[in-house]
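Excluded from the calculations below are hydrogen atoms, water molecules and symmetry mates; all remaining heavy atoms, backbone and side chain alike, are included.
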Amino acid sequence: MSGRTVTFAPAGGPLRGDLRVPSDKSITHRALMIGAVCSGPVVVRGPLWAADTLSTAACLRRVGVPIDPAAGTGEDDRGDVVVRGVGLDGLVAPDGSLDAGNSGTTLRLLAGLLAGGRGVFVLDGDASLRGRPMDRIVDPLRAMGIEVDARDGSYPPVAVHGGAPTAVRYAPPMASAQVKSCVLLAGLHADGVTAVVERVPSRDHTERLLAEAGAEVRLEGDAVTLVGRPRLSLDEVRVPGDPSSAAFLVTAAALVPGSSLTVRRLCLNPTRLGFFEALREMGGDVEWCACARGGEPVGDLSVRWAPLHGIRLAAERVPALIDEVPLLALLATAAGGETVLDGLGELRVKESDRLAAIATIVSGLGGTAEVEEDSLRVRPGRLRGGLVRAMGDHRMAMLGAVAGLCSDEGVRVEGMDAAAVSFPGFEAALREVQAA
């Protein structure tokens, strides 16, 4: 997979801006799915319409959930939508498979949601998704009494035989919001209390939205519990800005001297702030202020350039910033002293082997990055520039673009189209903060 090649030149001056970023992808997925099993219509305002969330919407339509443009939204605007919920018992398997595209979130969460549906739901995806392990959801669903088939026991296509899940207490072997959400969504269909035990808390958007819809969700020690068979109802969900998307612009400002940016109406859920907290620990001048709105803390975040220093990031902190590890590695090239990031094994099973890709990209641009088992060691050094091959991975594409701004000679990114998976308009946003 190659796609469009774009060259990103050195910034040439400070970055400035007061802007918003695309809506949160994780919350959009969950708003569509939980809306689908509500007992009536749910208006989703400001959803992210990108490749992954469009896959979720298409799959839900195929299992019998109407998703229509909201009043005042044109058919082709991809703006606000009304999800016409069919209740817990209204999901029906279609003929043929459900195409999750490149979206692991779509496949893993839908597998749980459809566990209580009628028929056999076959979940599939593109070549990249077919190479990503699904045993992490297959195992707990089987523990809940659901028949699940997968290629080689782990890989898509995954066939979920809808039925009546049994409530369980499950402790995932790794911290994963996708696994937790899959189990909780399956638990909606089960009599009794389903519990997911987390040694390290993962992002909690599913629990927040389920509670807002009327489910009895509690945090009891290190376990999230859900009472099954609730009657779910929501008027609307307002989707705030995506902190994972904002992190790319924040990183650019933290690397280009004299820069100052403010991002408005951003999701500031505590489970999503790990990257910004790590940047602050590195000496970054970053501030935020949140107020609760519709179950999710929302507010503004500002960043100003400041000298950085290296840190060692413990493995237990990784789940809160797993998507932003590539950016921490890039920041580390400009920091005084060595940076070591531990516990990164989960990056090996993303859209690409991101752990290897990060080291390859940083080293290829003139930096020094080494993989040691599941750790990444980065030493400071000025980036020369060069070529980054995104290989279909949206975060690698955007990483290359940001690297270009702080390099000596610029960076060519092969496969820049991949950025649209999570950040439509990313290149325009970079031009905006350079022109301000």
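Checking side-chain atoms of Ser23 against main-chain N and O of Gly46 turns up a donor-acceptor pair under 3.5 Å. Judged by distance alone, with hydrogens and angles left aside, the side-chain atoms of Arg61 form a donor-acceptor pair with the main-chain N or O of Ile67 at under 3.5 Å. In this structure, the side chain of Arg62 engages the main chain of Ser97 through a donor-acceptor pair within 3.5 Å.
Nearest heavy-atom pair, Gly131 versus Tyr155, reported as atom, atom and distance to 0.1 Å: O-CE2, 3.5 Å. For the residue pair Thr339 and Gly310, the shortest heavy atom distance occurs at OG1-CA, 3.2 Å. A pairwise comparison of heavy atoms in Ala50 and Pro424 identifies CB-CG, 4.1 Å as the closest pair. Taking all atoms of both residues into account, the shortest heavy-atom contact from Gly343 to Ala315 is CA-CB, 3.7 Å. Between Leu376 and Val371, the shortest heavy-atom distance links the atoms CD1-CG2, 4.0 Å. When all heavy atoms of Leu48 and Pro22 are compared, the pair lying nearest together is CD1-CB, 3.7 Å.
Of the inter-residue distances, the one linking Ser407 atom OG with Leu255 atom CG reads 11.0 Å to the nearest 0.5 angstrom. Between atom OG1 of residue Thr251 and atom CG of residue Leu328 there is a gap of 7.5 Å, rounded to the nearest 0.5 Å. The CD1 atom of Ile34 sits 10.0 Å away from atom CG of Leu32, with the distance rounded to the nearest 0.5 Å. Atoms CG and CG, from Asn269 and Asp204 in turn, are 4.5 Å apart once rounded to the nearest 0.5 Å. With values rounded to the nearest 0.5 angstrom, Trp288 atom CH2 is found 4.0 Å from Arg280 atom CZ. To the nearest 0.5 Å, atoms CG (Leu383) and OG1 (Thr333) are separated by 4.0 Å.
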* To do: Might you work through the salt bridge (charged side-chain N to carboxylate O under 4.0 Å, His left out) test for Arg203 and Asp323, ending with a clear yes or no?
  => CA-CA 12 Å; Arg203 52 181 73 174; Asp323 290 333; 3.3 Å; yes
* Working for side chain to side chain contact (heavy atoms under 4.5 Å, CB included), residues Val340 and Glu338 -> CA-CA 7 Å; Val340 181; Glu338 184 177 76; 3.9 Å; yes
* Chi angles and distances behind the salt bridge (charged side-chain N to carboxylate O under 4.0 Å, His left out) call for Arg45, Asp80 -> CA-CA 5 Å; Arg45 302 211 179 272; Asp80 301 348; 3.1 Å; yes
* Take Glu324 and Phe276 through the side chain to side chain contact (heavy atoms under 4.5 Å, CB included) test and state the conclusion after the steps. => CA-CA 9 Å; Glu324 292 80 42; Phe276 304 115; over 6 Å; no
* To do: Test Val21 against Leu266 for side chain to side chain contact (heavy atoms under 4.5 Å, CB included), laying out the working first.
  => CA-CA 8 Å; Val21 295; Leu266 193 65; 3.8 Å; yes
* Check against side chain to side chain contact (heavy atoms under 4.5 Å, CB included), Ile361 and Leu399 -> CA-CA 9 Å; Ile361 288 173; Leu399 177 72; 4.1 Å; yes
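A salt bridge between Arg264 and Asp18 is present, with a side-chain N of the basic residue lying under 4.0 Å from a carboxylate O of the acidic one. A salt bridge is defined here as a Lys NZ or Arg NE, NH1 or NH2 lying under 4.0 Å from an Asp or Glu carboxylate O, and Arg265 with Asp24 fails to meet this definition. Of the charged side-chain nitrogens involved, none lies within less than 4.0 Å of a carboxylate oxygen, so that Arg377 and Glu370 do not count as a salt-bridged pair. For the pair Arg412 and Glu414, the salt-bridge criterion is not met [side-chain N within less than 4.0 Å of a carboxylate O]. Lys180 has a carboxylate O that lies under 4.0 Å from a charged side-chain N of Glu207, or vice versa, which qualifies the two as a salt bridge. Of the charged side-chain nitrogens involved, none lies within less than 4.0 Å of a carboxylate oxygen, so that Arg199 and Asp222 do not count as a salt-bridged pair.
With a 4.5 Å cut-off on side-chain heavy atoms, Leu301 and Glu287 do not count as touching. Within the 4.5 Å cutoff, side-chain heavy atoms of Asp242 are placed close to those of Arg272. Two residues are said to be in side-chain contact when any heavy atoms from C-beta on lie closer than 4.5 Å; Pro243 and Cys267 meet this criterion. Under the 4.5 Å side-chain criterion, counting only non-hydrogen atoms from C-beta, Val298 is not in contact with Leu268. You'll find the side chain of Val318 reaches within 4.5 Å of the side chain of Leu344, heavy atoms only. In this structure the side chain of Glu409 reaches within 4.5 angstrom of the side chain of Arg384, judged on heavy atoms. In this structure the side chain of Arg84 never reaches within 4.5 angstrom of the side chain of Val65, judged on heavy atoms. A heavy-atom distance below 4.5 Å is not found between the side chains of Val81 and Val43.
Judged purely by distance below 3.5 Å, without hydrogens or angles, the side chains of Thr56 and His29 pair a donor atom with an acceptor atom. Defined by atom type and a distance below 3.5 Å, a donor-acceptor pair is missing between the side-chain atoms of Asp52 and Asn102. Side-chain polar atoms of Asp126 and Ser128 form no donor-acceptor pair below 3.5 angstrom. With no hydrogens or angles considered, a side-chain donor-acceptor pair links Arg30 and Thr206 at under 3.5 Å. A donor-acceptor contact under 3.5 angstrom links the side chains of Thr262 and Ser302, judged on distance only. Under 3.5 Å, the side chains of Ser176 and Arg136 contain no donor-acceptor pair of N or O atoms. Donor-acceptor pairing under 3.5 Å is lacking for the side chains of Arg304 and Ser259. Using modelled atom types, one finds a donor on one side chain and an acceptor on the other under 3.5 Å when comparing Ser154 with Asp135. For the residue pair His394 / Ser422, a side-chain donor-acceptor distance below 3.5 Å is found, with atom types taken as modelled.
By the 6.0 Å contact criterion, CZ on Arg208 is enclosed, its count of non-hydrogen atoms from other residues, nucleotides or ligands being greater than 12. Dense packing is recorded around CD of Glu372, with more than 12 heavy atoms of other residues, nucleotides or ligands lying under 6.0 Å away. The 12-atom threshold is not exceeded at CZ of Arg218, counting heavy atoms of other residues, nucleotides or ligands nearer than 6.0 Å. Taking a 6.0 Å sphere around CG of Asp235, one finds it holds 12 or fewer heavy atoms contributed by other residues, nucleotides or ligands.
Classified by interplanar angle (parallel below 30°, tilted 30° to 60°, perpendicular above 60°), the ring pair Phe248/Phe426 is perpendicular.
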